[in-house]
Amino acid sequence: MLKVLIADDEEKICQLIIKLINWEEMGLKIAATASNGIEALEQAKICKPEILITDIRMPGIDGMELIRKVKEKLPDTEIIIISGYSDFSYARKAIQEGVSDYILKPVGDSELLEKVKQCCRELDKERSLVTKARENQSFDRKS
């Protein structure tokens with residue numbers, strides 16, 4: 001199962017995200033939640049999520065700093081930002097940091113579901129490429 005980390009300083013938002021999707025049905029597991037950026041970074045180090053869903057503005061360190069630090073250590077992590085800020089500069093910075101998507105609050109279940117599915121497809125593609133590369137290396141050694 002792929003691991004998901006949810007970070008938002010509003011507990012209600014974390015709980016809503018958890019309830020909006022049947023995570024197990026998608027082969028996903030909520031590995032942890034965090035109520036601020038520092039806690040989210042610590043949880044990321046522990047659980048090494050394949051998907052991070054985070055707010056952009058949180059106490060401690062903000063979402064952008066969290067994203068940079070997670071991408072440093074876990075470059076293949078897919079990241080979805082859920083934010084109440086529609087300022088385009090946030091979205092542009094997020095894209096530059098390699099974020100998969102930027103969703104405005106209030107988030108709907110179908111929108112979040114589609115974004116999570118998209119992340120899963122990207123992760124599947126990456127895994128397929130890694131598997132092919134390993135198979136080719138193995139084949140080259142045998143030749």
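The structure presented is a predicted model; accordingly, all values stated were derived computationally and were not measured.
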Report task. Supply the atom-to-atom distance Leu41 CG to Ile46 CD1, rounded to the nearest 0.5 angstrom. Result -> 10.0 Å

Query - Interatomic spacing from NZ in Lys12 to CG in Asp8 - rounded to 0.5 Å - result: 12.5 Å

Query raised in the report: Is Ile38 reachable from Leu5 through a run of hydrophobic residues whose side-chain heavy atoms are each under 4.5 Å from the next?
Result: yes

Query raised in the report: When you measure from the side chain of Glu78 to the backbone N and O of Ile51, does any donor-acceptor pair fall under 3.5 Å?
Result: no

**Report entry** Under the salt bridge (Lys or Arg N to Asp or Glu O under 4.0 Å) test, residues paired with Glu10 that sit two or more places apart
**Finding:** Lys105

Query raised in the report: Taking C-beta and beyond as the side chain, do Ile79 and Lys71 meet within less than 4.5 Å on heavy atoms?
Result: yes

Requested in this report: Inspect the surroundings of NZ in Lys69 and state if more than 12 heavy atoms from other residues, nucleotides or ligands are less than 6.0 Å away.
Outcome: no

Query - Test log, rule side chain to side chain contact (heavy atoms under 4.5 Å, CB included), inputs Glu50 and Arg127 - result: CA-CA 12 Å; Glu50 283 84 6; Arg127 286 185 171 158; 3.7 Å; yes

**Report entry** Ile56 side chain near Met64 side chain, heavy-atom distance below 4.5 Å
**Finding:** yes

Report task. Establish whether Val116 and Met1 are linked, either directly or via other cluster members, by ILVMFWY side-chain heavy-atom contacts under 4.5 Å. Result -> no

Query - Check ion pair Glu111-Lys115 (N to O, under 4.0 angstrom) - result: no

Report task. Decide side chain to side chain contact (heavy atoms under 4.5 Å, CB included) for Asn36 and Asp9; before the verdict, give the C-alpha distance in whole Å, the side-chain angles of both, and the deciding distance to 0.1 Å. Result -> CA-CA 5 Å; Asn36 63 60; Asp9 58 332; 5.7 Å; no

Report summary line: When rounded to the nearest 0.5 Å, the distance separating NZ of Lys93 from CD1 of Ile67 is 11.5 Å

Report summary line: Minimal heavy-atom distance between Cys120 and Leu2, with the atoms involved, is SG-CD1, 4.4 Å

Query raised in the report: Is there a chain of hydrophobic side chains (I, L, V, M, F, W, Y, each step under 4.5 Å between heavy atoms) that links Leu52 to Leu20?
Result: no

Requested in this report: Taking only Lys NZ, Arg NE, NH1 and NH2, and the carboxylate oxygens of Asp or Glu, determine whether Glu114 and Lys117 approach each other closer than 4.0 Å.
Outcome: no

Requested in this report: For the residue pair Gln118 and Ile80, establish whether any side-chain heavy-atom pair is separated by less than 4.5 Å.
Outcome: no

Query raised in the report: If you look at every heavy atom in Pro49 and Thr77, which pair is closest and at what distance?
Result: O-OG1, 3.0 Å

Query raised in the report: Does the pair Lys45/Glu42 count as a salt bridge with the N-to-O cut at 4.0 Å?
Result: yes

Query raised in the report: Which pair of heavy atoms, one from Trp23 and one from Ile53, lies closest together, and at what distance?
Result: CH2-CD1, 3.8 Å

Report task. State whether the number of non-hydrogen atoms from other residues, nucleotides or ligands found under 6.0 Å of Lys3 atom NZ is greater than 12. Result -> yes

Query - Heavy-atom pair with the smallest gap, counting every atom of Ser35 and Pro59 - result: O-CD, 4.3 Å

Query - pair Asp55-Ile13: side-chain heavy atoms closer than 4.5 Å - result: no

Query raised in the report: Roughly how far apart are Leu123 CG and Asp76 CG, rounded to 0.5 Å?
Result: 8.0 Å

Requested in this report: Can you see which heavy atom on Glu39 is nearest to which on Thr33, and at what distance?
Outcome: OE2-O, 3.6 Å

**Report entry** Over 12 non-hydrogen atoms of neighbours within 6.0 angstrom of CD in Glu24
**Finding:** no

Requested in this report: To the nearest 0.5 angstrom, please state how far the CD1 atom of Ile81 sits from the CD1 atom of Ile103.
Outcome: 10.0 Å

Report summary line: dist Ser83:OG -> Leu104:CG (nearest 0.5 Å) comes out at 7.0 Å

**Report entry** Closest approach of Val70 to Ala44 (non-hydrogen atoms, all atoms of both residues)
**Finding:** CG2-CB, 4.0 Å

Query raised in the report: Is there a path from Leu28 to Leu16 through hydrophobic residues (I, L, V, M, F, W, Y) whose side chains come within less than 4.5 Å of each other?
Result: yes

